[in-house]
Amino acid sequence: MRIARFSIDGNVAFGAVEGDGPDGLVLDIIKGIPYAEFELSGTKVPLNKVRLLPPVLPNKVVAIGRNYAEHAAELGNEVPDVPVAFFKPTTSVIGSGDAIECPSFSDDLHHEAELAVVIGRMCREVPRERVKDVIFGYTCANDVTARDAQKREKQWARAKGFDTSCPLGPWVETDLDPGDLAIQATVNGEQRQLGRTSEMIRSIEDLVVHITEAMTLLPGDVILTGTPAGVGPLHVGDEVAVTIEGIGTLTNKVIKRG
């Protein structure tokens, strides 16, 4: 099931996305919240009549760096012995169609297409065999990075945590095997990144186990699983799209912060 979060007439709701093709999609409004048992209301609205919002409002976004060997190599980095984890704040999260605002402290903004894992229940110290039980679903993500700031600052907080640096969407797919999905990024229609989730160094199970050894994850929290090779620059006016097989396409334009 595809679960979207949206606004219409000033109201915010979740809905199940039904149909095919951009003009044939409708939202069946959900009664309640999707992390618990819910019912479909039967009240349907066309997707093109609503504004899509970030599909979740995470308490935290835990991101993993250098989880694809070719990406680590293209930036001159070694594959780490343990997963490299960092946070992106909730203020970095935007939805499909929202603008990425280029921060004033960077002249070298990069796209990073990623599969995002959405957590469905509160969990800590999750054993490997229970990882699937705590996952709500999957969505597309763009770990937008101020590469120049990342290189000159020892911490990545500003480089990867600035406002609008974490586009998520367009919705969460709850029925998906994430083991071998095509993942790509295009800029103004030109392909930049193309990889498969099977190329991850550490699996989703590895990452959930590793992260929950240290912290409690809450419903709606997001794990970014790393990016394949091909990252590259974004400029004001560019349109960047992240497409993941079985999920859909997350699209954002880059604007100057003003």
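None of the values given here were measured: they were computed from a predicted structure.
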Taking [X] for its side chain and [Y] for its backbone only, find out whether a donor-acceptor pair lies under 3.5 Å.
| X | Y | value |
| --- | --- | --- |
| W171 | I247 | yes |
| N67 | R202 | yes |
| D177 | G179 | yes |
| S203 | D206 | yes |
| S96 | T251 | yes |
| S41 | I30 | no |
| N252 | D98 | yes |
| T164 | E101 | yes |
| E114 | G226 | yes |
| Q191 | Q184 | no |

Is [Y] reachable from [X] through a run of hydrophobic residues whose side-chain heavy atoms are each under 4.5 Å from the next?
| X | Y | result |
| --- | --- | --- |
| L53 | I3 | no |
| V134 | I204 | yes |
| L168 | V231 | no |
| V172 | M1 | yes |
| V45 | V17 | yes |

Are any non-hydrogen side-chain atoms of [X] and [Y] less than 4.5 angstrom apart?
| X | Y | result |
| --- | --- | --- |
| L224 | V62 | no |
| T212 | L217 | yes |
| R5 | V56 | no |
| E18 | L27 | no |
| F38 | I33 | no |
| L109 | V254 | yes |
| V118 | Y138 | no |
| P167 | V144 | yes |

Of all heavy-atom pairs between [X] and [Y], which one has the smallest distance, and what is that distance?
| X | Y | answer |
| --- | --- | --- |
| A4 | P170 | CB-O, 4.5 Å |
| P228 | G195 | CB-CA, 4.1 Å |
| S106 | C102 | O-SG, 4.1 Å |
| G65 | F86 | N-CE2, 3.9 Å |
| I119 | Y35 | O-CE2, 4.2 Å |
| L115 | P178 | CD2-CB, 3.9 Å |

Sidechain N-carboxylate O distance under 4.0 Å for [X], [Y]:
| X | Y | answer |
| --- | --- | --- |
| K88 | D143 | yes |
| R130 | D133 | yes |
| E153 | R158 | yes |

Are there over 12 heavy-atom neighbours, none belonging to [X], within less than 6.0 Å of that residue's [atom1]?
| X | atom1 | result |
| --- | --- | --- |
| N48 | CG | yes |
| M215 | CE | yes |
| R128 | CZ | yes |
| E129 | CD | yes |
| Q155 | CD | no |

Is the cationic atom of R51 (NZ for Lys, CZ for Arg) positioned less than 6.0 Å from the six-membered ring centroid of F6 and within 45 degrees of its normal?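 Negative - R51 is either too far from the ring of F6 or too far off its axis.
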
Audit row: E173, L176, side-chain contact (heavy atoms from CB on, under 4.5 Å) steps and yes/no: CA-CA 7 Å; E173 174 57 68; L176 186 70; 3.9 Å; yes

Can you measure from [atom1] ([X]) to [atom2] ([Y]) and round to the nearest 0.5 angstrom?
| X | Y | atom1 | atom2 | answer |
| --- | --- | --- | --- | --- |
| D180 | E245 | CG | CD | 7.5 Å |
| T225 | I223 | OG1 | CD1 | 9.0 Å |
| K44 | L25 | NZ | CG | 12.0 Å |
| I183 | R196 | CD1 | CZ | 10.5 Å |
| N142 | L234 | CG | CG | 7.0 Å |
| E199 | L181 | CD | CG | 11.5 Å |

Give the C-alpha distance, both sets of side-chain angles, the deciding distance and a yes or no for side-chain contact (heavy atoms from CB on, under 4.5 Å) between R257 and D163. CA-CA 10 Å; R257 181 179 291 179; D163 291 355; 3.9 Å; yes

So, [X] versus [Y]: side-chain donor-acceptor pair below 3.5 Å or not?
| X | Y | answer |
| --- | --- | --- |
| R192 | H111 | yes |
| K160 | T145 | yes |
| Q193 | T227 | yes |

Could you walk me through whether V242 and T186 pass the side-chain contact (heavy atoms from CB on, under 4.5 Å) test, one step at a time? CA-CA 7 Å; V242 174; T186 63; over 6 Å; no

Test I211 against I64 for side-chain contact (heavy atoms from CB on, under 4.5 Å), laying out the working first. CA-CA 10 Å; I211 292 166; I64 302 297; 4.2 Å; yes

Please test K60 against D221 for salt bridge (Lys or Arg N to Asp or Glu O under 4.0 Å), starting from the C-alpha separation and ending with a verdict. CA-CA 5 Å; K60 54 188 168 293; D221 280 352; 2.8 Å; yes

Any pair with a residue in residues 196-250 that passes ring-ring contact (aromatic ring centres under 6.0 Å, His included), sequence neighbours left out, goes on the list, sorted by first then second residue, please.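 Every candidate ring-ring contact (aromatic ring centres under 6.0 Å, His included) pair involving residues 196-250 fails, so no pair, neighbours aside, qualifies.
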
